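Beneath this line is the structure, given in structure tokens, with notes to follow.
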Amino acid sequence: MAGVIEQETLFLADLGRRVRHARTVRGLSRKVLSQLSGLSERYIAQLEGGQGNVSIILLRRVANAMGVRLDDLITGDDAHSDWPVIRDLLSHANPAQITAAKDILSGGNRNESAGGARVALIGLRGAGKSTLGKLAAERLGWTFVELNAEIERENALSVREIFAIYGQEGYRRLEQAALRRLTEHPGPLILATSGGIVAEPLTYDLLLQAFYTVWLRARPEEHMNRVREQGHLPTTGDHASAMQELRAVLASREPLYARAAAQVDTSDIPVPVMLDRLTAAIETRFGLAKAG
């Protein structure tokens, strides 16, 4: 019995870590998650601390007793009947087989095979995606698109209104749909994405396949200063708390941002130097002549 209790304790601790990571990588505070989920901040804190509701443990015991996986009991009815087989096959597949399966399921949207010069800029808010993306597009004679603006244009709603009406899940669905349409954009394109796009596995994988991705890096202090200058954060308040939250978000997303094909550091350098670095990376990737 002691062994069972120890396993359940470890399970709850692991569950708490995964919940905390999922929340942080999406840039959600406990307060916001509480509002979205209808659960108290206290309960969310307990869940993240490995003290989740005992119901999940009881359900796990039922699954173990029947020799099935926990997710088999909670997956919706819309799951394909072959999903358990596919899931088990994937768990034993080698990297080459997984890559081949992804290519088939995604329709083969890899940048190399699509033949389009498409660049996507990723990074935390304040990295310079919109500013540098627009300037680089002007220098190269390419089209510049801001993904959020494209979503707003297609749906005739602001991002704030989309979140209010459809919620986080609805926004991410519209984001992915807009991105898929942009993979068919004729001619060279530079796309500025939202900072949280990396938190959505399917959407981010599509981005990595169909675009040459560039991570615009900056120190946390730079991000904070730029966001404040843009008016997205109050100039007064608990600066230490906001900075701690920003560091946590950046730390949780760094492994995801690092999957980009290239990185450009934008810390402590003037905009013209940032622009030179970004355009140099694009020119090198696509074999372009240096812009005058």
Side-chain angles (χ1 to χ4, degrees), residues 7-60 63 69-76 78-79 83 87 90-91 98 102 106 122-127 147-148 151 159-160 162-164 166-177 179 193-208 213 215 220 223 227 241-260:
Q7 288 180 358
E8 292 176 350
T9 301
L10 291 173
F11 171 75
L12 286 176
D14 185 55
L15 176 64
R17 283 192 295 270
R18 283 185 273 123
V19 170
R20 184 170 61 253
H21 176 75
R23 175 180 64 78
T24 305
V25 79
R26 285 164 175 75
L28 298 174
S29 65
R30 282 181 183 162
K31 181 177 182 180
V32 172
L33 182 56
S34 171
Q35 294 169 344
L36 293 173
S37 65
L39 300 172
S40 70
E41 287 185 61
R42 182 173 179 270
Y43 175 79
I44 294 172
Q46 289 176 332
L47 181 62
E48 292 183 354
Q51 300 172 342
N53 193 301
V54 70
S55 297
I56 189 68
I57 289 295
L58 299 180
L59 183 58
R60 185 168 181 259
R69 291 172 55 128
L70 180 59
D71 54 314
D72 286 334
L73 300 181
I74 59 178
T75 301
D78 56 346
W83 166 241
R87 178 197 61 205
L90 285 174
S91 68
I98 293 175
K102 281 175 57 181
S106 65
I122 65 173
L124 207 60
R125 176 185 285 186
L147 187 54
N148 272 346
I151 295 169
V159 168
R160 184 184 295 273
I162 290 172
F163 270 97
Y166 302 110
Q168 178 99 359
E169 183 179 353
Y171 168 78
R172 294 305 176 190
R173 186 176 64 251
L174 296 176
E175 179 183 54
Q176 185 180 130
L179 183 62
T193 67
S194 67
I197 196 170
V198 299
E200 305 305 317
L202 187 59
T203 304
Y204 189 36
D205 190 66
L206 172 63
L207 190 76
L208 291 171
T213 50
W215 174 20
H223 282 293
V227 171
S241 177
M243 194 67 213
Q244 182 180 12
E245 186 175 324
L246 186 146
R247 288 182 186 277
V249 172
L250 183 57
S252 67
R253 290 181 182 172
E254 275 189 338
L256 298 170
Y257 289 143
R259 295 177 62 193

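Model, not experiment: these values are computed from the prediction.
For CZ of Phe11, the number of neighbouring non-hydrogen atoms (other residues, nucleotides, ligands) closer than 6.0 Å is greater than 12. Taking a 6.0 Å sphere around CD of Gln244, one finds it holds 12 or fewer heavy atoms contributed by other residues, nucleotides or ligands.
Taken to the nearest 0.5 Å, the OH atom of Tyr171 stands 4.0 Å off from the CD1 atom of Ile151. Between the CZ atom in Arg18 and the CG atom in Leu47 there is a gap of 10.0 Å [rounded to 0.5 Å]. Separation of atoms CD (Glu245) and CG (Leu250) is listed at 12.5 Å; rounding is to 0.5 Å.
A 4.5 Å side-chain heavy-atom check between Leu12 and Ile56 finds at least one atom pair inside the cut-off. Using a 4.5 Å cut-off on side-chain heavy atoms (C-beta onward), Ile197 and Glu175 make contact. Here the side chains of Arg172 and Gln168 are in contact, with some heavy-atom distance below 4.5 Å. In this structure the side chain of Leu124 reaches within 4.5 angstrom of the side chain of Leu246, judged on heavy atoms. At a threshold of 4.5 Å between non-hydrogen side-chain atoms, the residues Glu41 and Ile44 do not count as touching. The shortest distance between side-chain heavy atoms of Ser194 and Val159 does not fall below 4.5 Å. In this structure, Ile122 and Leu207 have side chains that are in contact, with non-hydrogen atoms separated by less than 4.5 Å.
Every residue was checked against the ring-ring contact (aromatic ring centres under 6.0 Å, His included) condition with Tyr204, not counting sequence neighbours, and none meets it. In this structure, the salt bridge (Lys or Arg N to Asp or Glu O under 4.0 Å) partners of Arg247, at least two apart in sequence or on a different chain, are Glu221. Glu48 meets the salt bridge (Lys or Arg N to Asp or Glu O under 4.0 Å) test with Arg23, Arg30; sequence neighbours excluded.
Between Arg253 and Arg26, the closest heavy-atom pair is NH2-C, 3.4 Å. Of all the heavy atoms in Leu179 and Thr203, the pair that sits closest is CD2-O, 3.6 Å. Residues Val249 and Gly27 approach most closely at CG2-CA, 3.9 Å, considering heavy atoms. For the pair Thr213 and Ala260, the tightest heavy-atom approach, listed with the atom from each and the gap, is OG1-CA, 3.3 Å. Pro255 and Ala251 make their closest contact through CD-O, 3.5 Å (heavy atoms, listed as atom of the first residue, atom of the second, distance).
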Check: Can Arg259 and Asp205 be said to form a side-chain contact (heavy atoms from CB on, under 4.5 Å), step by step?
Finding: CA-CA 10 Å; Arg259 295 177 62 193; Asp205 190 66; 4.0 Å; yes
